[in-house]
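Here is the structure we will look at, set down as structure tokens.
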Amino acid sequence: QVQLVESGGGLVQAGGSLRLSCAASGTWDFFSMNRMGWYRQVLGKQRELVAAITSGGSTNYADSVKGRFTISRDNAKRTWYLQMNSLKPEDTAVYYCSAAKVSGGAYWGQGTQVTVSS
């Protein structure tokens, strides 16, 4: 049983920065997860992958955020982060953290709103 809770969302001006955090609780085990990541969703569009990090530390990013966003992880705190710099209005969305299970399936947070004003 794992619960994921996002924090750090809010309202920011274009060009600003935010850092999102995803804290895991329950029977969390780093080696029980294959990948940890961040997704975002806008009304009328499908949820899209923003960034992901594997248990081995490999990362990948959506083309739209490369060079601006960075995903990182702190195993001791059972937390992973999404540092978002040079934010654009197009980044406005609900951001969800997730963790893919080694055994299949995934855990999801409830989402945190990020709004970037022009």
*asked:* Looking at Gly26, is its backbone amide N or carbonyl O close enough to the side chain of Arg78 to form a donor-acceptor pair, meaning the two atoms are under 3.5 Å apart?
replied: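 Yes: the side chain of Arg78 pairs with the backbone of Gly26.
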_Test your reading of the model: is there a side-chain donor-acceptor pair from Glu6 to the backbone of Gln110, 3.5 Å cut-off?_
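It does hold such a pair.
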[atom1] of [X]: more than 12 outside heavy atoms within 6.0 angstrom?
{"X": "Gln113", "atom1": "CD", "answer": "yes"}
{"X": "Lys77", "atom1": "NZ", "answer": "no"}
{"X": "Gln3", "atom1": "CD", "answer": "no"}

Roughly how far, to the nearest 0.5 Å, is [atom2] of [Y] from [atom1] of [X]?
{"X": "Leu11", "Y": "Leu18", "atom1": "CG", "atom2": "CG", "answer": "9.0 Å"}
{"X": "Asn60", "Y": "Ile71", "atom1": "CG", "atom2": "CD1", "answer": "8.5 Å"}
{"X": "Arg35", "Y": "Leu49", "atom1": "CZ", "atom2": "CG", "answer": "9.0 Å"}

N/O donor to acceptor pairs below 3.5 angstrom from side-chain atoms of residues 51-59, sequence neighbours left out:
from, atom 1, to, atom 2, distance (Å)
Thr54, OG1, Gly56, N, 3.2
Thr54, OG1, Gly57, N, 3.3
Thr54, OG1, Ser58, N, 3.1

*asked:* Can you confirm if the NZ or CZ of Arg40 lies within 45° of the ring axis of Tyr95 and under 6.0 Å from the centre of its six-membered ring?
replied: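 So Arg40 doesn't make the cation-pi contact.
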For residues [X] and [Y], determine if any side-chain heavy atom of one lies less than 4.5 Å from a side-chain heavy atom of the other.
{"X": "Trp80", "Y": "Ser72", "result": "no"}
{"X": "Thr115", "Y": "Val12", "result": "no"}
{"X": "Met84", "Y": "Leu20", "result": "yes"}
{"X": "Arg47", "Y": "Tyr96", "result": "yes"}

ILVMFWY cluster, [X] and [Y] together (side-chain gap under 4.5 Å):
{"X": "Tyr81", "Y": "Met33", "answer": "no"}
{"X": "Trp38", "Y": "Val114", "answer": "yes"}
{"X": "Val5", "Y": "Met36", "answer": "no"}
{"X": "Val50", "Y": "Val116", "answer": "yes"}

List the atom of [X], the atom of [Y], and the distance in Å for their closest heavy-atom pair.
{"X": "Ser86", "Y": "Asp91", "result": "O-OD2, 4.5 Å"}
{"X": "Val42", "Y": "Ala93", "result": "CG2-CB, 3.7 Å"}
{"X": "Asn85", "Y": "Ser17", "result": "OD1-OG, 2.9 Å"}
{"X": "Pro89", "Y": "Ala14", "result": "CD-CB, 4.2 Å"}

*asked:* Test side-chain contact (heavy atoms from CB on, under 4.5 Å) on Val2 and Thr27; report intermediate values, then the result.
replied: CA-CA 6 Å; Val2 173; Thr27 56; 4.2 Å; yes
*Kindly indicate, with the supporting measurements, whether the criterion side-chain contact (heavy atoms from CB on, under 4.5 Å) is fulfilled by Tyr39 and Glu48.*
CA-CA 5 Å; Tyr39 291 72; Glu48 65 174 350; 5.8 Å; no
*What pairs of residues pass the disulfide bond (SG atoms under 2.5 Å apart) test when at least one of them lies in residues 82-118, not counting sequence neighbours?*
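Listed once each, the pairs are Cys22-Cys97.
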_With a 4.0 Å cut-off on N to O distance, would you call Asp63 and Lys66 a salt bridge?_
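Result for this pair is yes, salt bridge flagged.
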*Please name all residues satisfying ring pair (Phe, Tyr, Trp, His ring centres under 6.0 Å) with Tyr61, sequence neighbours left out, ordered by chain then number.*
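Tyr61 satisfies ring pair (Phe, Tyr, Trp, His ring centres under 6.0 Å) with no residue once adjacent residues are dropped.
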*Are Phe69 and Leu82 close enough, and set up right, to give a side-chain contact (heavy atoms from CB on, under 4.5 Å), and what steps lead you there?*
CA-CA 7 Å; Phe69 291 10; Leu82 185 68; 4.1 Å; yes
*Pair Asp74-Thr79, side-chain donor/acceptor within less than 3.5 Å*: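 There is no such pair (donor and acceptor under 3.5 Å, judged by atom type) between the side chains of Asp74 and Thr79.
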